Peer 1: 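Please read through the structure below; I'll follow up with questions.
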Amino acid sequence: MKSPLLSLPGAVPAEGVDEGVAAHYGDLFREQRALAEGTGFVDLSHRGVVSVTGDDRLSWLHLLLTQHVSDLPTGQATEALILSAHGHIEHALYLVDDGTTVWAHVEPGTQEALVAYLESMKFFNRVEVADRTDEFAVVHLPAGSIAEVPEGVVVRETPYGRDLFLPRADLESYAEKSGPAVGLLAYEALRVEHHRPRLGFETDHRTIPHELGWIGTAVHLQKGCYRGQETVARVQNLGKPPRRLVFLHLDGSEVHLPPAGTEIRLADEGPDGRKIGFVTTSVRHHELGPVALALVKRNVPLDARLVADTTAAAQEVVVEP
């Protein structure tokens, strides 16, 4: 779904899964600084929006999600996962309940599969599930923003800012009042700085929540049964995940960033050494320079010198080994 804000001056379209919104509006570092200072807004209107209504919505979702939501207070933001039977991550939901409806935004293009799964699990529960992507656009206001929120708009407030579920028809008029617009690359740079994983970027077909630090933030360890819980409990109580998320400081003299999927090796083993991980997201940060998130094998020494292809990299612990 192409955003009307791509018509704003300087807008350069994002690519891949983020196609449909602006990667930037002509000045990447200025846009990053604006977000860090609490000004501007980010157009996330390419993300999927799903709603769940009905008297049983919270108790029903509680049975399906990794998060404890049966008593979720009105207006309190949370995040949750849906796992496979083997504990692998299938969906990530960013939730808020407004008192009558649970609203969630999800990765672009995942909403149809999510709605289909939820529909298959309704049984006799008093719930209605709907894909609202055509009607609502997600807009992000950074932490510290004093921008006004239109009356009646559902807000999901987190330590990183506020996510607005804005009527899609109001997107252009909101942008006129709430600028400057900030592109997705700036939003991603701050996401990487804060070590926040993203479905489809930091995950692959075998990722479990422990590898990414999602235990606690998206997975509640003291709640009842849900699909994949056995794997979560077994790893938490009896073992360690096979991989761990790390934050990489990359060699700033390199012209090109190592793209997602770039193999990581131990520098001491040379270019033919064994693969011990891969880059998941790489960005240029306005203060930190070139940095990345990556998944590496759990037993990689914390002081090991790494290379991402030919780019030297120093790791910072996100998930403890």
Side-chain angles (χ1 to χ4, degrees), residues 18 31-45 47-49 58 61 65-69 71-81 89 91-99 102-107 137-150 153-166 178 180-203 209-223 244-247 280-281 283 285-288 291-293 316-320:
D18 289 322
E31 293 169 33
Q32 283 189 33
R33 286 191 290 270
L35 275 192
E37 293 167 359
T39 61
F41 72 94
V42 185
D43 176 12
L44 299 179
S45 61
R47 290 185 65 82
V49 175
L58 291 175
L61 285 170
L65 304 180
T66 56
Q67 188 57 274
H68 196 299
V69 297
D71 301 313
L72 184 66
T74 298
Q76 180 175 306
T78 191
E79 55 189 79
L81 308 175
I89 300 168
H91 292 281
L93 296 81
Y94 299 86
L95 305 160
V96 67
D97 183 84
D98 68 3
V102 172
W103 296 87
H105 66 80
V106 298
E107 287 298 326
V138 179
V139 171
H140 176 77
L141 299 175
S145 172
I146 59 173
E148 291 187 10
V149 175
V153 168
V154 176
V155 178
R156 181 179 176 273
E157 186 161 2
T158 76
Y160 307 103
R162 291 173 289 170
D163 298 334
L164 278 54
F165 292 85
L166 189 73
S178 306
V182 173
L184 194 67
L185 289 181
Y187 179 83
E188 283 290 281
L190 269 60
R191 177 181 72 82
V192 170
E193 176 192 5
H194 294 136
H195 308 162
R196 297 169 59 203
R198 183 177 172 189
L199 181 76
F201 287 64
E202 279 60 60
T203 68
H210 310 70
E211 296 176 320
L212 303 183
W214 254 328
I215 301 297
T217 59
V219 179
H220 195 287
L221 294 175
Q222 306 301 320
K223 60 161 288 186
R244 58 184 176 89
L245 186 70
V246 296
F247 180 74
T280 59
T281 305
V283 298
H285 191 276
H286 70 288
E287 289 184 340
L288 301 174
V291 291
L293 293 176
E316 186 176 307
V317 175
V318 177
V319 174
E320 294 288 341

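Predicted, not measured: the structure shown is a model, and the values here were computed from it.
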Peer 1: Closer than 3.5 angstrom, by distance alone: can the side chain of Glu31 be matched with the main-chain N or O of Gly183 as a donor-acceptor pair?
Peer 2: yes
Peer 1: If every non-hydrogen atom of Leu288 is compared with every non-hydrogen atom of Val291, which pair is closest and at what distance?
Peer 2: CB-CG1, 3.9 Å
Peer 1: Taking atom CG of Leu190 and atom CD of Gln32, what is their separation to the nearest 0.5 Å?
Peer 2: 6.5 Å
Peer 1: I'd like to know if the side chain of Thr78 reaches the main chain of Leu95, judged simply by a donor and an acceptor atom lying under 3.5 Å from each other, with no hydrogens or angles considered.
Peer 2: no
Peer 1: Any chance you could lay out the side chain to side chain contact (heavy atoms under 4.5 Å, CB included) test for Leu293 and Phe201, step after step, and finish with the verdict?
Peer 2: CA-CA 9 Å; Leu293 293 176; Phe201 287 64; over 6 Å; no
Peer 1: When you look at Asp163 and Arg47, which way does the salt bridge (charged side-chain N to carboxylate O under 4.0 Å, His left out) test go after all the steps?
Peer 2: CA-CA 11 Å; Asp163 298 334; Arg47 290 185 65 82; over 6 Å; no
Peer 1: Rounded to the nearest 0.5 Å, what separates atom CG in Asp98 from atom OG1 in Thr74?
Peer 2: 7.5 Å
Peer 1: Whether the side chain of Lys223 engages the backbone of Gln67 through a donor-acceptor N/O pair (distance < 3.5 Å, no angle test) should be reported.
Peer 2: yes
Peer 1: Rounded to the nearest 0.5 Å, what's the gap from CG on Leu72 to CG on Asp97? Could you check?
Peer 2: 6.0 Å
Peer 1: Run the side chain to side chain contact (heavy atoms under 4.5 Å, CB included) test on Val106 and Tyr94 for me, step by step, so that the C-alpha distance in whole Å, both residues' side-chain angles and the decisive distance to 0.1 Å come before the verdict.
Peer 2: CA-CA 7 Å; Val106 298; Tyr94 299 86; 5.9 Å; no
Peer 1: At what distance, to the nearest 0.5 angstrom, does CG of Leu81 lie from CD1 of Ile215?
Peer 2: 8.5 Å
Peer 1: Specify the closest pair of heavy atoms between Pro150 and Leu166, including all atoms of both residues, with the distance to one decimal.
Peer 2: CG-CD1, 4.1 Å
Peer 1: Which heavy-atom pair separates Trp214 from Ala92 by the least distance, and what is that distance?
Peer 2: CH2-CB, 4.4 Å
Peer 1: Under 3.5 Å, is there a donor-acceptor pair between the side chain of Arg162 and the main chain of Val139?
Peer 2: no
Peer 1: Step by step, work out the side chain to side chain contact (heavy atoms under 4.5 Å, CB included) result for Leu44 and Tyr187.
Peer 2: CA-CA 10 Å; Leu44 299 179; Tyr187 179 83; 4.0 Å; yes
Peer 1: Which atom names give the shortest non-hydrogen contact between Phe247 and Val192, and what distance separates them?
Peer 2: CE1-O, 3.4 Å
Peer 1: Enter the distance from Glu79:CD to Thr66:OG1 here, rounded to the nearest 0.5 Å.
Peer 2: 9.0 Å
Peer 1: How many angstroms lie between CG in Leu164 and NE2 in His105, if you round to the nearest 0.5 Å?
Peer 2: 10.0 Å
Peer 1: By side-chain hydrogen bond (donor to acceptor under 3.5 Å, both in side chains), which residues pair with Arg191, not counting sequence neighbours?
Peer 2: Glu188, Glu202, Thr281
Peer 1: Run the side chain to side chain contact (heavy atoms under 4.5 Å, CB included) test on Val102 and Leu58 for me, step by step, so that the C-alpha distance in whole Å, both residues' side-chain angles and the decisive distance to 0.1 Å come before the verdict.
Peer 2: CA-CA 8 Å; Val102 172; Leu58 291 175; 3.7 Å; yes
Peer 1: For a quick test of reading the model, state the closest non-hydrogen atom pair linking Thr158 to Ala77 and the distance between them.
Peer 2: CG2-CB, 4.1 Å
Peer 1: Check Val182 against Gly40 and note the closest heavy-atom contact, atom names and distance.
Peer 2: CG2-CA, 4.3 Å
